[in-house]
Every structure is written in structure tokens, then in C-alpha cells.
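First up is the structure itself, then whatever we jot down about it.
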Amino acid sequence: MGVTRAVAHGGTKWAGVFLISPVIEAQIIGDADFIEQARHITMLIVHGEKDDRISASLIKNLAGTLEGNGALVTEHYYPDEDHFLFFSQPDAVVADMIEWMPETK
């Protein structure tokens, strides 16, 4: 929640943001301030397909909303991981982030 709220209040300070197993609030990403800021940065969403706290289908839908509002979004879903994929796949998640970083320049 903190990342999307931070984007709404000054997202242009960053080239991009990394959202891992994110809680994305529809009301925040639909806000005009967020939309204006999000147009200037890229986003990487990493999420587990078996997340039983925040469904992958919800995240995919919200990622579509972000893209529809002008954000450049890259998504990576781990088919066998849940909400804690950063703890079960730390090397893979960090590798995703490192591979994605050049896109933010």
C-alpha cells in the first residue's frame, strides 16, 4: 500500500517502482494525482499465482487499470508461489528486479 500511496504524492522522483506481492488499492490508483504521477514511471509487479491473501486475478486486473491509465507495467507471476514468494524465491525475485532495472533508465 505504501508504494502506490507514495507514487500519488511524488512518484516522479523515481524512474520506477517495484511491487512485490502488492496490496494495490483501487481507489488510490484511480485517483487523478496517482494517474498523473504514474504516467512518468515504470512499474514491476511480481506476484505468486497461489497467493491466497491477494489473488493473482485481482492483481492482473489492477495492473490492467494501471496500464489503461498510462503507466508502463511489467508483470511477472510465479505459478507455484504464494504471498511470501520473496522468502521462498529470494534469488529469483532479486534477479527479476535486476533484469527489469535497466528498463527504468
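Under the rule for a ring pair (Phe, Tyr, Trp, His ring centres under 6.0 Å), H40 has no partner lying at least two apart in sequence or in another chain. Applying the side-chain hydrogen bond (donor to acceptor under 3.5 Å, both in side chains) test to E75 and every residue at least two apart in sequence or in another chain returns Y77.
Across all non-hydrogen atoms, the minimal contact from H83 to I54 is CE1-CD1, 3.4 Å. Across N69 and I29, no two heavy atoms sit closer than the pair ND2-O, 3.5 Å. Nearest heavy-atom pair across H47 and P22 is ND1-CD, 3.5 Å. What you find for G48 and A56 is that their closest heavy atoms are O-CB, 4.0 Å.
Between V3 and W14, every side-chain heavy-atom pair lies at or beyond the 4.5 Å cut-off. Taking the side chain as every heavy atom from C-beta outward, T74 and I45 never approach each other to under 4.5 Å. Between Y78 and V93 there is a side-chain heavy-atom pair separated by less than 4.5 Å. Looking at L19 and M43, their side chains come closer than 4.5 Å, going by heavy atoms from C-beta outward.
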Q: Could you walk me through whether L85 and V46 pass side chain to side chain contact (heavy atoms under 4.5 Å, CB included), step by step?
A: CA-CA 9 Å; L85 69 97; V46 177; 3.8 Å; yes
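A salt bridge (charged side-chain N to carboxylate O under 4.0 Å, His left out) check over residues 83-95, counting only residues at least two apart or in different chains, returns nothing. Residues in residues 41-69 take part in these salt bridge (charged side-chain N to carboxylate O under 4.0 Å, His left out) pairs, two or more places apart or across chains: E49-K60, K50-D80. Among residue pairs with one or both ends in residues 18-33, those qualifying as salt bridge (charged side-chain N to carboxylate O under 4.0 Å, His left out) are R5-E25; sequence neighbours excluded.
When the side chains of ILVMFWY residues are joined at heavy-atom separations under 4.5 Å, either directly or via intervening members, L66 and I35 end up in two distinct hydrophobic clusters. Note on V73: it clusters hydrophobically with M1, by side-chain heavy-atom contacts below 4.5 Å among ILVMFWY residues.
Taken from OG in S21 to CG in D82, the straight-line distance is 8.0 Å, to the nearest 0.5 Å. Atom CD of E99 sits about 9.5 Å away from atom CG of L44, to the nearest 0.5 Å. Between the CZ atom of F34 and the CD1 atom of I28 there is a distance of 8.5 Å, given to the nearest 0.5 Å.
Chaining together hydrophobic side chains whose heavy atoms lie under 4.5 Å apart places F87 alongside F84.
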